[in-house]
Amino acid sequence: MKKLLLVTLMVCVIGTFVACRSENPIMETENSYATETTEESVVENDVEEIPEDTSNEGEEVVELPQVLSMAQTYTTRYEWQDDIWVLYSEYSNITMWEGAEEYPEMDGTLSEIAGMQTRTMDDEADNIISFVQEIMDANSTDFETQVSTLDVQVRRADSVVVSFLSDSYSDYGFIEDFRGMWGSNYDAQTGEQLLLSDVVLDMEAIPGIVLEELNSHLWAGDFYQEAVVKDYFANTPEDNISWTLDYNGVTFYFGDGELTESGNGRQTATVSFAEHPELFHEKYMNVPEAYMVRLPLDQSFFTDLDGDGTLEELNCTGFFNQTDRFYSQFGLYTDSDGYYHYEDLFAYDFQPYYVKTEDGNHYIYLFCEESEGESRDMMLVVYNVNGGGFIRVGDMNIAPAYIPSDTFVIPLDPNNMLLDNYDSMAQDAEVYVVGSDGMPAKK
């Protein structure tokens, strides 16, 4: 399929982190303390001088990575012929917003990716237009708008690793409702592509863990056969495996038909750092305490929501009206006791972010696009998802900072979010933090 070839070409270029105890303990008697002077303990005038704790001396203090500052630019193309909407094409590119001087190699890599994606998507749109007339001549009464989108979502962006998930959708020509997920991972310092073998120390253990994850979550699927997963990893070249290097582990993305018969949908599985630290290079397990992750709709995300050291499944979804191209409902699911939540929400698009704060709280920040094109006015709805349950915290007329034209500063750091508050008198975007109640608070 032509689309598949284009996507493959694109991702090939795209794809390229005990206190010191005295040897002579103090013995309490009825009227006094019997002590023995040692190098660690000196008693003068019946007052013990507590020795300085040197138990951590010589240990290397590991500095936590810093969350990077990035922006996302959208390019949208509409084409009409004889009052018929024939083409809808949209794609996004990720660039450094701040810190390009500090990470010049990564900045250069992002620029190269943006250039390739732009050329690929523009060429694809031109090709669609070139054969639209043929499609209309063959079936003019039932002609449907030809659609192609590419949404690049940041999975991790810190001073160690930059990881993206390219979420593509195609419904044109002979391609019907094709959706693909492709992960791209880079060393933030060098800008070089990371291979799976750069991150995972023992690939032989991965199939068994992935099988267990696939079979242990409510929405990920069940009853997958061991041989199927093992054969997939044995027979798939390393550079054809789709994966992202997340803050809590490595996530694998399986397309429709790769593990089961076609028509059963896509599958996702995360091998976590916490449960399998022996499998990963230590460098990539060093992550910030607080971060935000953009989530794709209708695709499972795994994280520890209840603090028990194991992963819970989180899934964001929406009811989409294909004819009018807008969402009318938003849903949240977890496999913690089968929790689910649905509510009526109108939006041209949903942009959910998983938020982990330093104090161990978990939230979903859902940005709802209330207009199309240009400024894309938004409303933010906040959900507390601690423990896998759901509490709607509140909503605000606030959105990621808009930088003309069609560029937004991505919220990636709960302690440093550049947001536009539509209800504020401020002329420019302001810096916010995730407050104690989960809502954005001005910094």
Side-chain angles (χ1 to χ4, degrees), residues 64-74 92 94-100 102 151-159 162 247 287-295 301 303 305 314 316 330 332 345 347-371 374-386 390-443:
L64 294 179
Q66 299 298 309
V67 177
L68 302 185
S69 177
M70 295 191 165
Q72 187 167 23
T73 301
Y74 291 87
S92 62
I94 305 295
T95 56
M96 298 290 296
W97 174 244
E98 294 178 341
E102 188 176 356
D151 187 15
V152 182
Q153 303 161 6
V154 177
R155 296 287 291 199
R156 177 173 171 177
D158 57 39
S159 49
V162 173
Y247 289 108
V287 301
E289 291 183 345
Y291 50 82
M292 301 175 69
V293 181
R294 171 71 187 281
L295 304 183
F301 174 75
T303 189
L305 295 174
L314 180 62
C316 300
F330 177 73
L332 280 170
L345 274 178
Y348 286 100
D349 196 12
F350 290 133
Q351 294 187 16
Y353 285 80
Y354 163 73
V355 181
K356 181 185 178 299
T357 61
E358 291 179 352
D359 57 7
N361 283 309
H362 309 269
Y363 302 98
I364 290 294
Y365 267 33
L366 176 66
F367 292 100
C368 308
E369 293 186 11
E370 297 182 311
S371 63
E374 295 305 325
S375 62
R376 299 170 187 255
D377 294 338
M378 299 184 193
M379 177 182 73
L380 170 66
V381 183
V382 178
Y383 303 91
N384 183 315
V385 294
N386 287 333
F390 304 109
I391 298 175
R392 194 184 197 276
V393 178
D395 56 69
M396 293 179 68
N397 291 318
I398 203 167
Y402 173 69
I403 313 297
S405 68
D406 243 4
T407 296
F408 299 84
V409 180
I410 308 173
L412 298 174
D413 185 353
N415 299 317
N416 190 35
M417 301 179 293
L418 190 62
L419 303 175
D420 284 323
N421 189 333
Y422 303 130
D423 295 331
S424 170
M425 299 299 293
Q427 297 296 315
D428 299 314
E430 298 175 294
V431 178
Y432 286 78
V433 300
V434 175
S436 59
D437 62 351
M439 298 296 293
K442 196 175 298 183
K443 192 171 182 178

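By convention here, the first residue in the shown sequence is residue 1. Just so it is clear, the values below take in all heavy atoms, side chains as well, and ignore hydrogens, waters and symmetry mates.
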How far apart are the C-alpha atoms of Met70 and Met96, what are their side-chain angles, what is the distance that settles it, and do they pass the side chain to side chain contact (heavy atoms under 4.5 Å, CB included) test? CA-CA 4 Å; Met70 295 191 165; Met96 298 290 296; 3.8 Å; yes
Residues which pass side chain to side chain contact (heavy atoms under 4.5 Å, CB included) with Asp413, listed by chain and number, not counting sequence neighbours: Val67, Asn415, Asn416
Any side-chain heavy atom of Lys443 within less than 4.5 Å of one from Tyr432? no
Quick check against the 3.5 Å criterion: does Asn386 have a side-chain atom that pairs as donor or acceptor with the backbone of His362? yes
To the nearest 0.5 Å, tell me how far Ile398 CD1 sits from Leu380 CG. 7.0 Å
Side-chain heavy atoms of Asn384 within contact of Phe390, under 4.5 Å: no
Using the test side chain to side chain contact (heavy atoms under 4.5 Å, CB included), find all partners of Ile403 that sit at least two apart in sequence or belong to another chain. Trp97, Thr407, Val409
Can you see which heavy atom on Leu345 is nearest to which on Phe350, and at what distance? O-CZ, 3.7 Å
Given the rule in the side chain to side chain contact (heavy atoms under 4.5 Å, CB included) test, do Asp158 and Tyr247 qualify, once you have shown the distances and angles that lead to the verdict? CA-CA 9 Å; Asp158 57 39; Tyr247 289 108; 3.5 Å; yes
Kindly give the heavy-atom pair with the smallest separation between Val154 and Ala157, and that separation in Å. CG1-CB, 3.7 Å
Could you name each residue pair satisfying salt bridge (Lys or Arg N to Asp or Glu O under 4.0 Å) that touches residues 352-361, not counting sequence neighbours? none
Can you give me the closest heavy-atom contact between Gly438 and Val382, atom names plus distance? O-CG1, 3.7 Å
Output for pair (Gln351 CD, Met378 CE), nearest 0.5 Å, gives 4.5 Å
Interatomic distance, Gln153 atom CD to Ile94 atom CD1 [nearest 0.5 angstrom]: 9.0 Å
Please walk me through it: do Thr73 and Ser92 pass side chain to side chain contact (heavy atoms under 4.5 Å, CB included)? CA-CA 5 Å; Thr73 301; Ser92 62; over 6 Å; no
Atom of Tyr363, atom of Asp437 and distance for their closest heavy-atom approach: OH-C, 4.0 Å
Search all heavy atoms of Glu430 against all heavy atoms of Ser424 and return the closest pair with its distance. OE1-OG, 3.8 Å
To the nearest 0.5 Å, what is the distance between OG on Ser69 and CG on Leu418? 8.0 Å
Just say parallel, tilted or perpendicular for the rings of Tyr74 and Phe408, cut-offs at 30° and 60°. perpendicular
Beyond-backbone contact of Leu295 with Ile364, side-chain heavy atoms, under 4.5 angstrom: yes
Are the side chains of Pro400 and Phe367 in contact, using a 4.5 Å heavy-atom criterion? yes
Side chains of Pro352 and Tyr365, heavy atoms from C-beta outward: is any pair under 4.5 Å? no
Nearest heavy-atom approach of Val152 to Gln72 is O-NE2, 2.7 Å
For a 4.5 angstrom cut-off between non-hydrogen side-chain atoms, does Tyr383 reach Phe330? yes
Does the Asp420 side chain pair with the main chain of Tyr402, one donor and one acceptor, at a distance under 3.5 Å? yes
Can you find a heavy atom in the side chain of Asp151 that is under 4.5 Å from one in the side chain of Arg294? yes
Beyond-backbone contact of Ile410 with Tyr353, side-chain heavy atoms, under 4.5 angstrom: yes
